Amino acid sequence: MRVSGRRRFLQYAAASAVGVTATGLANGPLSWLTPIVRGAQPEGVFEQNGGQDSSLPDLGFHPGGPRNAEPEPQKLMESWMTPVSRFFIRSHGANPVIDPAAYRLIIEGLVDRPLTLTLAELAQFAPAECTCTLTCAGNRRSEFSRIKPVGGVQWRQAAIGNAAWSGIRLAELLKFAGVKESAKHVWFDGLDEVKDGEKSFPFGGSVPLSKVFEDSPHSPGALLATHMNGAPLTADHGMPLRAVVPGYIGARSVKWLGRITVSNRPSPNHYVEDVYKILESDTLIRRDEAAPIYRFPVNSAICSSPVAGFDQSRIQLAGYALPFGDPGTTITAVEISSDGGRNWIATKLSDDSREFCWRLWSGEVPIHRRTSSVVVRATDSAGHQQPETIAWNPKGYLYNAWHNVPLIRN
Ligand SMILES: Nc1nc2c(c(=O)[nH]1)N[C@H]1C(S)=C(S)[C@@H](COP(=O)(O)O)O[C@H]1N2
Ligand SMILES: [Mo]
């Protein structure tokens, strides 16, 4: 059923007022963009100005630009590695247009040898690879509206993807530049321009130097990537060079990387100093006091459409689970429930059990006429388990409570 924007908005508003959220029904390629009658998508997802980009038909774009998109959650379940065509996009400014031949990466700050390198010079370093999951700190933000609405992109559960990144190890480059004794943090600045009222500045990130040197033989502490799943990065994902920081929220993996600054403190960039912090209240004092978010917490989500006939006695569910972003931490259990978490049933996990990576799961729960929802929760090898509920925060970050979705009857 297609309805006008106004009516759709009212449907969403009504649905979120009673705290109902649901994944879309899967009939036809664009069906997840249209609201469903029973349990509409939360908070006007994919409303006006959003929609589609014909070159990326598997992604739905959120309104309010520039380019923020996620796939239908179900599409994520088709492979452990997420194809670029289904990989979420989160950009704060327009994609910068970069000529690879004129491109230079600047390395400065607390180094013995400041450097300005071309792509060909960067390619002189030993090639390195890393498979890891990238997730936005705002993934699942729309679920906060069950407590109280939060501004910002109303992400569902698909602002996440798993990819093989290749390029060079940041640790190697910094060893070459020579890091001074007093160095403690590494800043990344993008070549994009984000506009905030009168001001315009690049998107920036920051990581502790200890994370960069968390470098192990099978996993770089941080990667400078030129390729994603074997192909050169597309403009949306940071062409020609981006940082990839395994285990950290996506915001630290700066795209269109233009400058690396080694420092004794975290970056003063707006996206480190003011944004991507868990606040209790959104005041300047709290912002100063709060620490930047780095690692992502344990999480999981149901990605299949929970649709059942009235006489059905069991339902198949599938989704992903992500371990806490610490080295060596993997997903060890994913459980599902159809009685709000009184009884849990173990799911079958995909074989790929790796640090910094999601694990796909599938399972079946019994249902009866009065079953109203299904729930999932994950546990990792360090003993972290998703909480039943989490406290609301003003920016809507790190939503990782049990994923509870209404059962839809057809
Ligand atoms: N230069 C730049 N880098 C950026 C961003 C940005 O807006 N500009 N967004 C960040 C955020 S918040 C996330 S979640 C990831 C998203 O990466 P993707 O678009 O490749 O999925 O990129 C990060 N790197
Ligand atoms: Mo993000």
Side-chain angles (χ1 to χ4, degrees), residues 53 56 58-59 61-62 64-71 76 82-98 103 105 132-141 150 152-165 167 187-196 200-207 222-229 231-260 267 269-272 274-278 292-296 299 322 325 358 395-399:
D53 171 336
L56 291 165
D58 284 343
L59 293 178
F61 282 76
H62 285 273
R67 284 172 73 76
N68 297 308
E70 64 184 311
L76 285 180
T82 311
V84 176
S85 61
R86 291 182 185 175
F87 206 97
F88 81 99
I89 298 167
R90 199 316 176 219
S91 298
H92 293 75
N95 289 354
V97 179
I98 298 170
Y103 173 85
L105 176 68
C132 66
T133 297
L134 203 69
T135 183
C136 184
N139 190 34
R140 301 184 61 197
R141 173 178 288 144
V150 188
V153 182
Q154 294 301 308
W155 297 109
R156 300 174 68 191
Q157 70 273 45
I160 185 167
N162 191 58
W165 310 92
W187 309 351
F188 300 131
D189 284 321
L191 293 167
D192 48 347
E193 286 219 338
V194 188
K195 293 198 169 54
D196 185 14
S200 139
F201 44 87
F203 182 89
S206 197
V207 296
L223 198 74
L224 301 184
T226 53
H227 287 67
M228 180 178 180
N229 294 343
L233 289 170
T234 61
D236 283 324
H237 296 291
M239 192 285 291
L241 189 80
R242 79 175 298 171
V244 173
V245 187
Y248 275 27
I249 57 163
R252 309 306 176 211
S253 292
V254 174
K255 305 191 278 191
W256 313 293
L257 187 61
R259 184 187 306 262
I260 294 173
S267 167
N269 186 279
H270 176 63
Y271 293 97
V272 180
D274 310 318
V275 191
Y276 295 107
K277 290 180 163 186
I278 301 276
I293 306 167
Y294 294 120
R295 297 182 201 272
F296 48 64
N299 212 337
L322 187 69
W358 71 10
K395 292 275 178 196
Y397 294 136
L398 306 185
Y399 192 93

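Numbering of ligands and ligand atoms starts at 1, following listing order. Being a predicted model, the structure only gives us computed values, none of them experimental. For the single chain, residues carry numbers from 1 onward in sequence order.
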- prompt: Any N/O of His237 closer than 3.5 Å to an N/O of ligand 1?
  reply: yes
- line: Note: ligand 1 atoms sitting under 4.0 Å from heavy atoms of Ser253 are 22 (O), 23 (C), 24 (N)
message: At under 4.0 Å between heavy atoms, is it the side chain or the backbone of Leu257 that contacts ligand 1, or both, or neither?
response: neither
- prompt: So do the side chains of Met228 and Leu134 get within less than 4.5 Å of each other, counting heavy atoms only?
  reply: no
- prompt: With respect to atom 2 (C) of ligand 1, which of Asn139, Asp192, Asn95 exhibits the smallest heavy-atom separation?
  reply: Asp192
query: Does the side chain of Arg141 come within less than 4.5 Å of Cys136's, by heavy atoms?
result: no
query: So which bit of Trp256 gets within less than 4.0 Å of ligand 1, heavy atoms only: side chain, backbone, both or neither?
result: side chain
statement: A student checking ligand 1 against Cys136 at a 4.0 Å heavy-atom cut-off should list atoms 14 (S)
- prompt: So, does Asp192 use its side chain to make a donor-acceptor pair with the main chain of Pro202 at under 3.5 Å?
  reply: no
- request: Return the residue, atom name and 0.1 Å-rounded distance of the protein heavy atom closest to atom 19 (O) of ligand 1.
  value: Lys255 NZ, 2.6 Å
task: Using a strict cut-off of 4.0 Å, indicate which atoms of ligand 1 neighbour a heavy atom of Ser91.
output: 7 (O)
- prompt: If you measure every N/O of Arg242 against every N/O of ligand 1, is any gap under 3.5 Å?
  reply: yes
statement: Paired with Asn68, the side-chain hydrogen bond (donor to acceptor under 3.5 Å, both in side chains) test is passed by just one of His62, Arg90, His92, namely Arg90
statement: In this structure, atom 15 (C) of ligand 1 is nearest to the protein heavy atom Gly250 O, 3.5 Å
- prompt: Out of curiosity, Arg242 CZ to Trp165 CH2, how far, rounded to the nearest 0.5 Å?
  reply: 4.5 Å
query: Where is the nearest protein heavy atom to atom 11 (C) of ligand 1: which residue, which atom, and how far?
result: Ala251 CA, 3.7 Å
query: Using 30° and 60° as the class limits, which term best fits the ring planes of Tyr276 and Tyr397: parallel, tilted or perpendicular?
result: parallel
- line: atom 9 (N) of ligand 1 sits nearest the protein heavy atom Arg90 O, 3.1 Å
query: Considering only heavy atoms of Phe87, which atoms of ligand 1 have at least one such atom less than 4.0 Å away?
result: 21 (O)
- request: Compare all side-chain heavy atoms of Phe201 with those of Val194 and state whether any distance is below 4.5 angstrom.
  value: yes
task: Give yes if a backbone or side-chain nitrogen or oxygen of Tyr276 is under 3.5 Å from a nitrogen or oxygen of ligand 1, and no if not.
output: no
message: My understanding is that we take every heavy atom of each candidate and find the minimum distance to atom 5 (C) of ligand 1. Doing that for Trp155, Phe203, Trp165, Phe188, which one comes out nearest?
response: Phe203
task: Below 4.0 angstrom from a heavy atom of Ile89, which ligand 1 atoms are there? Numbered from 1 as shown, please.
output: 19 (O)
task: Would you check, one step at a time, whether the test side chain to side chain donor-acceptor pair (under 3.5 Å) holds for Thr133 with Asn162?
output: CA-CA 4 Å; Thr133 297; Asn162 191 58; 2.7 Å; yes
- prompt: Under the side-chain contact (heavy atoms from CB on, under 4.5 Å) criterion, do Trp358 and Thr135 qualify, and how do the steps go?
  reply: CA-CA 10 Å; Trp358 71 10; Thr135 183; over 6 Å; no
message: Against Thr234, only a single residue in Val84, Asn95, Leu56, Ile89 fulfils side chain to side chain contact (heavy atoms under 4.5 Å, CB included); can you say which?
response: Val84
field: Pairwise distance CG(Leu76) to CG(Asp58) - rounded to 0.5 angstrom
entry: 10.0 Å
- prompt: Between Phe88 and ligand 1, does any nitrogen or oxygen pair lie at a separation below 3.5 Å?
  reply: yes
